[in-house]
Number of protein chains: 4
Amino acid sequence: MPKDTFFNLPKEKQERIIEAAIDEFATHPFHQARVTVIAEQAGIAVGSFYQYFEDKKDLYKYLMGLLVEKKLSYINSDMVKNKDKYDFFQLLREVYLSGFRFAKENPRLLPIGLMLANDKELYREIFGEYEDQSAEFFQQLLEYGQVQGAIDPAINPKIMGKMLTGMLYSLTDFIMEDGKFDLDDMKIIDQMLYFIENGLRKK
Amino acid sequence: MPKDTFFNLPKEKQERIIEAAIDEFATHPFHQARVTVIAEQAGIAVGSFYQYFEDKKDLYKYLMGLLVEKKLSYINSDMVKNKDKYDFFQLLREVYLSGFRFAKENPRLLPIGLMLANDKELYREIFGEYEDQSAEFFQQLLEYGQVQGAIDPAINPKIMGKMLTGMLYSLTDFIMEDGKFDLDDMKIIDQMLYFIENGLRKK
Amino acid sequence: MPKDTFFNLPKEKQERIIEAAIDEFATHPFHQARVTVIAEQAGIAVGSFYQYFEDKKDLYKYLMGLLVEKKLSYINSDMVKNKDKYDFFQLLREVYLSGFRFAKENPRLLPIGLMLANDKELYREIFGEYEDQSAEFFQQLLEYGQVQGAIDPAINPKIMGKMLTGMLYSLTDFIMEDGKFDLDDMKIIDQMLYFIENGLRKK
Amino acid sequence: MPKDTFFNLPKEKQERIIEAAIDEFATHPFHQARVTVIAEQAGIAVGSFYQYFEDKKDLYKYLMGLLVEKKLSYINSDMVKNKDKYDFFQLLREVYLSGFRFAKENPRLLPIGLMLANDKELYREIFGEYEDQSAEFFQQLLEYGQVQGAIDPAINPKIMGKMLTGMLYSLTDFIMEDGKFDLDDMKIIDQMLYFIENGLRKK
DNA sequence: GATGAATGAGGTTTCATTCAT
DNA sequence: AATGAATGAAACCTCATTCAT
């Protein structure tokens with residue numbers, strides 16, 4: 001956790017630092033990211049950095065917290081709360097849409113998350129041992145869908161949960177390569193769901 | 001490219017070095033991987049390392065080449081050559097199976113590829129600007145499938161190519177988390193294809 | 001010398017600062033002692049510290065002055081003034097006793113003095129070039145004792161002055177290791193003097 | 001322990017490094033001593049330093065080992081082995097003489113030992129919890145002397161052990177202030193022993 | 001006077017690469 | 001070719017001191 005000194009800073013300055021950090025961490029894996037660069041970018045002295053944060057990792061963890069928090073803020077909480085009022089495919093669409101919107105509006109945060117995912121050691125230090133929640137979430141959604149009768153009972157929720165996660169990653173890939181595609185956003189989502197729906201729906 | 005001195009080495013020694021390198025790069029991102037460790041592991045002197053390779057990156061690039069080569073060796077070349085004799089879903093199954101087998105038999109190579117994928121700068125240096133070939137390959141396959149009449153014409157090959165890639169990644173994830181799942185291999189592949197087939201087949 | 005601002009402070013606050021400083025300097029050699037810790041302990045801001053003292057050394061010097069002053073306050077000034085009324089061994093006993101009482105009642109001050117004694121550079125800056133006064137004092141006492149006829153004339157006052165000093169240090173060592181010995185205080189002093197008296201008295 | 005690389009160095013270079021280290025540690029307390037200075041003095045690169053030693057503390061511990069070893073080499077091992085052939089005061093003289101000779105010939109090592117003695121934390125790390133062996137040694141010698149009948153039974157060996165240690169320290173002080181005294185060496189030792197003998201001998 | 005954030009020089013340590021044998 | 005010591009450019013982090021309010 002950042003020290004109090006950080007939170008006592010004017011919002012504007014806090015943001016400058018966070019922005020600088022995101023810039024650095026988005027372009028370099030943790031160990032390659034340099035405190036000096038962040039400080040310089042943010043227009044503060046290196047010494048100040050260490051008055052705000054315990055060390056480089058401290059800032060990094062904090063950033064990850066923000067990322068998670070922000071990501072969660074994108075999902076329609078109303079739908080989550082009343083998920084029994086919605087049909088499986090409506091829920092799925094919502095999940096994909098929220099992931100999509102988040103990625104679209106926070107493109108620089110994406111690579112940070114991805115890099116972390118590939119540094120097992122660091123990942124564990126930050127998120128502990130807990131597993132890829134995404135796949136698990138989809139798995140539960142699928143089980144629920146099967147109970148509802150919307151999903152083909154031949155589908156194995158565990159395997160398919162993983163697959164839906166993989167496709168979600170692909171979706172964010174589109175965003176990261178933005179500009180290279182002339183497809184409009186809705187069309188992408190619709191395509192995915194069209195495909196998934198045909199693949200999963202009970203026949 | 002490694003220097004001639006490297007290729008003049010007895011095969012056994014070459015292999016020892018490659019194995020050591022794989023070990024190190026599989027557990028550490030490029031910048032974290034240490035030449036010293038590789039040399040030690042391989043039982044050679046650090047100085048020798050630099051007589052075989054230009055520098056750390058040189059070895060890394062070479063390794064990547066091997067990886068790609070090896071990966072390609074897993075796909076059934078007969079099928080590729082005579083792909084017009086096969087039906088779309090047969091081809092797809094073959095691709096997934098080869099990816100699966102490769103991952104299963106070369107588990108240490110997987111994380112290397114993943115880490116590289118997250119170091120954009122390095123990636124570019126090694127593979128240049130050229131795009132995710134996997135997605136493109138699937139895209140072509142899909143287009144071919146549509147011509148053949150096997151694939152629903154409402155499917156957008158570009159988008160779906162990306163999705164099939166994402167699912168392929170998920171598949172390798174299963175292997176990397178091996179032991180945690182009690183699913184038998186064929187079942188996983190079958191499930192995936194069952195789902196994909198329902199999702200894509202012309203109705 | 002501390003600035004006026006320090007002396008204008010309420011006595012209570014001055015003491016808090018001094019106490020904090022003693023705590024820090026008693027547990028860390030000068031260069032290891034941290035201004036921040038002292039300020040925090042004393043409940044003042046770091047900035048304030050520099051309004052009271054020129055710098056860290058300033059406080060340290062001041063502390064040393066206090067230490068010396070306090071130490072001197074322990075010797076029976078009446079005896080010093082009328083030292084011709086007393087016999088050599090009475091005087092010696094008084095000196096050892098005062099050293100003993102000082103150490104006993106100010107245990108935290110002892111290590112500060114010891115540490116300083118080992119940082120020649122710093123020592124010189126604070127006490128200048130002037131020599132170990134303790135040894136010199138004992139030397140004079142011994143010379144006086146020889147004149148008096150109490151001390152064996154074969155004794156060399158310079159050498160023996162040094163030795164008496166060394167034994168005084170050993171005495172304070174007993175205090176610093178307090179609790180480890182089950183000897184009662186008077187017994188220690190008596191032993192020492194018994195030994196010294198036998199060693200020195202004119203035969 | 002220094003790494004093998006250090007011991008593989010030509011003796012001459014090893015010595016240059018040790019000399020440089022002694023110089024630095026003799027004039028600065030551990031935390032104040034700078035690796036850079038040692039390296040520069042020794043005429044090696046900083047990087048080399050770390051190829052020879054784990055870190056600063058590693059070198060320091062090694063130095064301490066040398067010091068102890070050297071110190072022990074000064075005592076007449078023949079006498080120690082056959083100590084029952086000697087009289088208490090002969091043994092004591094030998095101990096003081098060896099301490100004296102060591103100090104005389106290795107004046108720069110003395111302050112290092114003294115500084116360490118005052119950094120409790122560091123001391124513990126290097127010598128563990130074990131107590132001032134010097135005092136204990138003297139204590140045993142005294143007990144032996146009492147059994148022999150040479151020493152006044154009224155003497156408390158524990159207290160007096162400490163005192164003899166204190167005087168030994170004073171003796172080394174003479175050496176460290178060398179040049180300031182016009183006393184010749186033997187005279188100092190003789191004086192001390194004359195005094196001690198009178199103080200301790202059974203009457 | 002009081003505060004506590006801001007500063008930056010300086011110290012330790014790492015490691016890719018070069019050099020000398 | 002083979003070796004492994006030598007090098008030095010970074011990088012992280014600490015903390016006395018100054019500054020601005």
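Values below: all heavy atoms of this structure, side chains included; hydrogens, waters and symmetry mates excluded. Labels below follow one simple rule: chain letters A, B, ... track the order of the sequence lines, proteins then strands, and each chain is numbered from 1.
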**Asked** Toward the 5' end of DNA chain F, which comes first, A/E54 or C/K56, by nearest nucleotide?
**Response** A/E54
**Student check: side-chain heavy atoms of B/E19 and B/R108 closer than 4.5 Å** = yes
**Message:** Parallel, tilted or perpendicular, judged at 30° and 60°: which one describes the rings of B/Y62 and B/F6?
**Reply:** perpendicular
**Asked** Counting just side-chain N and O atoms, does C/K13 come under 4.0 Å of either OP1 or OP2 of E/dA2?
**Response** yes
**Asked** Got C/P2 and C/L59 here, is their nearest side-chain heavy-atom distance under 4.5 Å?
**Response** no
**Request:** For the pair B/N106 (side chain) and B/L109 (backbone), establish whether a donor and an acceptor sit closer than 3.5 Å, ignoring hydrogens and angles.
**Result:** no
**Asked** When you look at NZ of A/K3, are more than 12 heavy atoms from neighbouring residues, nucleotides or ligands closer to it than 6.0 Å?
**Response** yes
**Asked** Please give, in whole Å, the distance from E/dA5 P to A/R16 CZ?
**Response** 16 Å
**Request:** Using heavy atoms and a sub-4.0 Å distance, could you list which residues of residues 21-52 of chain B are near DNA chain E? By number, please.
**Result:** B/A33, B/R34, B/V35, B/T36, B/V46, B/Y50
**Prompt:** C/Q14 CD to E/dA2 C1': how many Å, rounded?
**Reply:** 16 Å
**Message:** Counting C-beta onward and ignoring hydrogens, is there a side-chain heavy-atom pair between D/F127 and D/M64 closer than 4.5 Å?
**Reply:** yes
**Prompt:** Starting at the 5' end of DNA chain E, which residue's closest nucleotide do you reach first, C/D4 or B/K57?
**Reply:** C/D4
**Asked** Could you give the CG-to-P distance, from A/L9 to E/dT3, as a whole number of Å?
**Response** 20 Å
**Item:** Stepwise salt bridge (charged side-chain N to carboxylate O under 4.0 Å, His left out) check, A/E12 with A/R16
**Value:** CA-CA 6 Å; A/E12 187 272 325; A/R16 238 166 51 226; 3.1 Å; yes
**Prompt:** Any stems for DNA chain F, made of 3 or more Watson-Crick or G-U pairs in a row, each with both distances under 3.5 Å?
**Reply:** E:2-21 with F:2-21
**C/L59 CG to F/dA16 P, straight-line distance once rounded to whole Å** = 12 Å
**Atom-to-atom span, CG of C/D55 to P of F/dT17 - whole angstrom** = 5 Å
**Asked** What is the distance from OH of B/Y60 to C1' of E/dA16, rounded to the nearest Å?
**Response** 17 Å
**Message:** Please check this pair: side chain of B/D58 against backbone of B/M1, looking for a donor-acceptor N/O pair closer than 3.5 Å.
**Reply:** yes
**Request:** Could you check A/K56 against A/E24 for salt bridge (charged side-chain N to carboxylate O under 4.0 Å, His left out), going step by step and ending with a plain yes or no?
**Result:** CA-CA 12 Å; A/K56 187 165 71 159; A/E24 181 68 0; over 6 Å; no
**Asked** What nucleic acid atoms does C/N8 come within less than 4.0 Å of, heavy atoms only: base, sugar-phosphate, or nothing?
**Response** nothing
